2 protein chains.
Amino acid sequence: MNPTSQDETRVDDLAEVFRVMGDANRLRILVLVLDRLRPVGEIAAATGLSQSLVSHNLGRLRASRLVRAERRGKQVFYVAADQHVRTVLRDMLEHIGEVDRPGPPLGRA
Amino acid sequence: MNPTSQDETRVDDLAEVFRVMGDANRLRILVLVLDRLRPVGEIAAATGLSQSLVSHNLGRLRASRLVRAERRGKQVFYVAADQHVRTVLRDMLEHIGEVDRPGPPLGRA
DNA sequence: CATTCATGTGAACAATTGTTCATATAACAT
DNA sequence: ATGTTATATGAACAATTGTTCACATGAATG
């Protein structure tokens, strides 16, 4: 039960996933494909980022399995990989939304 | 409803939180204080990191409100700030654990 | 096949970030 | 007040990372 074998690897992998999410551009991209399948070009247009940068970032997101790709003809569509991704984003938004005092906005987020 | 005012700020803040979690050392620290109040010295000992580095990292974690501090005499104890933090870690571990094949646990998500 | 459209990728550079070292602050004890 | 223990912080440097540019790949169409 040496703590420096499997758990450590897990922590490293986990850190890697968060690191990928820890960039505003990638996060915007992730939000765009959160519940909708979108082609790369549309993502580039919607974010105002260069096609190259979007592609690089999608590559990172895909490498961490945060999104998955699906080719249809010339275009490649991306979408959030699973429910966990959506849940995590929702949870973190709630986390951020919390102030020290009670009394959150009361309307839906 | 201009998308470049409040939502963008939110995304930036969100990215910041993930960026803080996107470092293996900070993540280890976060796990250590996940459900237990621990003094800085103990965290340094448990992780093998220098006191200074632990302190810097706890500062970042605290700045993102991922942990909160509580002083007791000379020592300062840290603990995960709220339930969202625990939930997010759990969700992401599940995310990582997933293989490409289908066949999820079949219980409710 | 050559061309066009959509996306991917390597290399280089700029910018950000982690880590250390030295020192500061804070609480307690003598 | 001085000393000791515990934690925090600023500055400097090393390492990592984001972004661009030029070009490669892949799929459709004439």
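Treat the numbers as computed from the prediction; the structure is a model and nothing was measured.
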So, does the side chain of A/Gln75 form a donor-acceptor pair with the base of D/dA27 at under 3.5 Å? no

Quiz item: A/Ser52 side-chain donor-acceptor pair to C/dT9 base, under 3.5 Å: yes

Do the side-chain N or O atoms of [X] get closer than 4.0 angstrom to the phosphate oxygens (OP1, OP2) of [N]?
X       : N      : answer
B/Asn25 : C/dT19 : yes
B/Arg19 : C/dT17 : yes
A/Arg26 : D/dG18 : yes
A/Tyr78 : C/dA6  : no

Along DNA chain D (nearest heavy atom to each residue), the more 5'-positioned of A/Gly73 and A/Gly22: A/Gly22

Would you kindly check if the NZ (Lys) or CZ (Arg) of A/Arg71 is within the cone defined by 45 degrees around the ring axis of A/Phe77 and under 6.0 Å from the six-membered ring centre? no

Of the nucleotides [options], which has the atom closest to the [X] side chain?
X       : options               : answer
A/Arg60 : D/dT9, D/dT17, C/dT17 : D/dT17
B/Ser55 : C/dT7, D/dA8, D/dA27  : D/dA8
A/Ser50 : D/dA8, C/dA27, D/dT20 : D/dT20
A/Leu53 : D/dA27, D/dT19, C/dG8 : D/dT19
A/Lys74 : C/dC5, D/dG18, D/dA8  : C/dC5
A/Arg71 : D/dA27, C/dT19, D/dA8 : D/dA27

Quickly work out the [X] [atom1] to [N] [atom2] distance and round it to whole Å.
X       : N      : atom1 : atom2 : value
B/Asn57 : D/dA8  : CG    : P     : 12 Å
A/Glu16 : C/dG18 : CD    : C1'   : 16 Å
A/Ile29 : C/dT7  : CD1   : C1'   : 13 Å
A/Phe18 : D/dT16 : CZ    : P     : 21 Å
A/Asp23 : D/dT16 : CG    : P     : 18 Å
B/Arg28 : C/dG18 : CZ    : P     : 14 Å
B/Glu42 : D/dT7  : CD    : C1'   : 15 Å
A/Leu58 : C/dA6  : CG    : P     : 16 Å

If you measure from the ring centre of B/His56 to the centre of the six-membered ring in the base of C/dT19, is it under 5.5 Å, with the planes under 30° apart? no

Considering every strand and a 4.0 Å limit on heavy-atom distances, what is the contact class for B/Arg72: base, sugar-phosphate, or nothing? nothing

Main chain of B/Glu94, side chain of B/Asp91: is a donor-acceptor contact present, judged purely on distance under 3.5 Å? no

By nearest-nucleotide position on DNA chain C, the 5'-leaning member of A/Arg62 and B/Gln51 is A/Arg62

Heavy-atom side-chain proximity of A/His56 to A/Gln51 below 4.5 angstrom: no

NZ/NE/NH1/NH2 to OD/OE distance under 4.0 Å, A/Asp13 and A/Arg65: no

Between A/Glu70 and A/Arg38, does at least one N-O distance fall below 4.0 Å, as a salt bridge requires? no

Donor-acceptor pair between A/Gln83 and A/Arg86 side chains, under 3.5 angstrom: yes

